[in-house]
> 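First the structure, then my questions, so here it is.
In what follows, every chain begins at residue 1, and chains take the letters A, B, ... in the order their sequences are listed. These numbers were taken from a predicted model, which means no experiment stands behind them.
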Number of protein chains: 2
Amino acid sequence: MAINRKMDFQADEIALADFAKAIAHPARIAILKILAQQKSCICGEIVEGLPLAQATVSQHLKELKVIGLIKGTIEGKTSCYCIDWEVFNAFVGQFGVFAELAQNAPNQSQSCC
Amino acid sequence: MAINRKMDFQADEIALADFAKAIAHPARIAILKILAQQKSCICGEIVEGLPLAQATVSQHLKELKVIGLIKGTIEGKTSCYCIDWEVFNAFVGQFGVFAELAQNAPNQSQSCC
DNA sequence: ATTATATATCGCAAATATACGATATGAAAT
DNA sequence: ATTTCATATCGTATATTTGCGATATATAAT
């Protein structure tokens, strides 16, 4: 790979790709589902709900936290996580860009497949 | 990594993660944007629109094609790609799962962050 | 038939992601 | 103060992704 190719793409393309990357793993999807259900947001129970070691789950949680999809607070001895719906919905909303581009396209008919 | 961990997750979690992985790169987002605009779906022009070598773009196109997000047909000397909106919209729609889980959650109040 | 052009595929190097044991950290209980 | 428990971080092995030159393939033009 060459040196930082990222600069060659637009900021919104990079942002959407980064969001996709953050959820591009079944474990992280599973974590979000658990948090959405709020069955519990205590870290330990998330670990129990997944077929992965504690260290691995902690790593996945960190990835989701870094990009802002989840928030985490320390409650005494335990850690507590939950979805930041504002961030989550903002990301999902970005998929609308494609439909918009399609609608504003000048030549709808020129389709070859 | 251990041997096929994938089996430990649910089918829908794997499917959504695979979709996310397919678009988890700025180049693939950029390709989808170009196709959405239908500025042209000829492979060569996609290559010109991206800061990547032809071989690399071809590889990205293949990834999008394998997962079904785009369709490709050969038109004489050139190749022509376009978005499969049915597949695309189906994938995007899957994000609704999280909101549904949140709505059906029994204990909305128990939030610790 | 030969050549030019467009695209796909191969092979490899480098970068990144994933998994997990071991260990660190820090609060709570004893 | 020491131990226990929950979680985070480190180090490292392995797997996957990315990028690209070289090459194959196949159509169109000469």
> What residues, two or more places apart in sequence or in another chain, satisfy side-chain contact (heavy atoms from CB on, under 4.5 Å) together with B/Ala15?
none
> State which residue, out of A/Leu61, A/Ile74, A/Val57, fulfils the side-chain contact (heavy atoms from CB on, under 4.5 Å) condition with A/Cys43.
A/Leu61
> Roughly how many Å is it from CD1 in B/Ile70 to C1' in C/dA8, rounded to a whole number?
13 Å
> Return a single string for nucleotides 22-30 of chain C, one symbol per nucleotide in 5' to 3' order, where B is base contact, S is sugar-phosphate-only contact and - is none, cutoff 4.0 angstrom on heavy atoms.
B----SS--
> A/Thr78 side chain N/O closer than 4.0 Å to the phosphate oxygens (OP1, OP2) of D/dC5?
no
> Is any side-chain heavy atom of B/Phe95 closer than 4.5 Å to a side-chain heavy atom of A/Phe91?
no
> I'd like to check B/Asn89 versus A/Phe98 (side-chain heavy atoms, cut-off strictly below 4.5 Å). Are they in contact?
no
> Find out whether A/Leu35 and A/Ile46 are in side-chain contact, i.e. whether some heavy atom of one side chain is under 4.5 Å from a heavy atom of the other.
yes
> Going by side chain to side chain donor-acceptor pair (under 3.5 Å), name the pairs with one or both residues in residues 57-72 of chain B, residues two or more places apart or in two chains.
B/Arg28-B/His60, B/Arg28-B/Glu63
> B/Ile46 has an atom CD1; how far is it from atom P of C/dA6, in whole Å?
14 Å
> How would you list, by chain and number, every residue that makes a side-chain contact (heavy atoms from CB on, under 4.5 Å) with B/Glu75, sequence neighbours excluded?
A/Cys112, B/Thr73, B/Thr78, B/Cys80
> Expressed in angstrom and rounded to an integer, what is the separation of A/His25 atom NE2 from D/dT17 atom P?
11 Å
> How many Å lie between CD on B/Glu48 and P on C/dT7, as a whole number?
10 Å
> Could you tell me which residues satisfy salt bridge (Lys or Arg N to Asp or Glu O under 4.0 Å) with A/Lys33, sequence neighbours excluded, listed by chain and number?
B/Asp12, B/Glu13
> Which parts of residues 56-64 of chain B get close to DNA chain C, meaning a heavy atom less than 4.0 angstrom away?
B/Ser58, B/Lys62
> Expressed in angstrom and rounded to an integer, what is the separation of B/Leu52 atom CG from C/dA8 atom C1'?
16 Å
> Given C/dA17, D/dA8, C/dT7, which nucleotide is nearest the side-chain atoms of A/Lys21?
C/dA17
> Are A/Val66 and A/Leu69 linked, directly or through intermediate hydrophobic residues, by side-chain heavy-atom contacts shorter than 4.5 Å (ILVMFWY only)?
no
> Rounded to the nearest Å, what distance is computed from the CG atom of residue A/Asp8 to the C1' atom of nucleotide D/dT18?
14 Å
> Compare side-chain N and O positions of A/Tyr81 against OP1 and OP2 of D/dA6 and report whether any pair is under 4.0 Å apart.
no
> To the nearest Å, how far apart are B/Ile42 CD1 and C/dT5 C1'?
14 Å
